[in-house]
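A quick write-up on the structure given underneath.
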Amino acid sequence: AYGLLVAEAMARGRAVPYGLLKYRDAVFQIDFTDGLRADLIDLMESMRRDAVEDDVAHSHSDPRRCRACGYRVECGQALEDSDPSAMNQ
């Protein structure tokens, strides 16, 4: 996503060849390929469609993610093991 923003904002639309993903103890070079760009555009279009929907299906089956989600009470799709009282278990 940052590569796309840089290309549009600073590189005058020219493709940015790669980006660096930096962690405290490691740096990874991410090549900005046409395939990754297409995947990003598809994901952004999906997010835009979902943003106007009243009810969007959750995208995972991990109870731990539900327990940590700030929307678990409102979403109506909380997984069975998503009881907030079990948060620290």
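With sequence neighbours excluded, the residues forming a side-chain contact (heavy atoms from CB on, under 4.5 Å) with L40 are A1, L4, M44, listed by chain and number. Residues satisfying the side-chain contact (heavy atoms from CB on, under 4.5 Å) criterion with D50, sequence neighbours excluded, are S46, V56. In this structure V27 satisfies the side-chain contact (heavy atoms from CB on, under 4.5 Å) test together with L20, K22, sequence neighbours excluded. With sequence neighbours excluded, the residues that form a side chain to side chain donor-acceptor pair (under 3.5 Å) with D62 are R64. Residues forming a side-chain contact (heavy atoms from CB on, under 4.5 Å) with F28 (at least two apart in sequence, or on another chain): L21, Y23, A26, I30. In this view, Q29 and D31 satisfy the side chain to side chain donor-acceptor pair (under 3.5 Å) rule, not counting sequence neighbours.
Hydrophobic clustering (ILVMFWY, side-chain heavy atoms < 4.5 Å, transitive): V6 and F32 are in one cluster.
Within 6.0 Å of the CG atom in D34, the count of heavy atoms belonging to other residues, nucleotides or ligands does not exceed 12.
In this structure, R37 CZ and T33 OG1 are separated by 11.0 Å, a value rounded to the nearest 0.5 Å.
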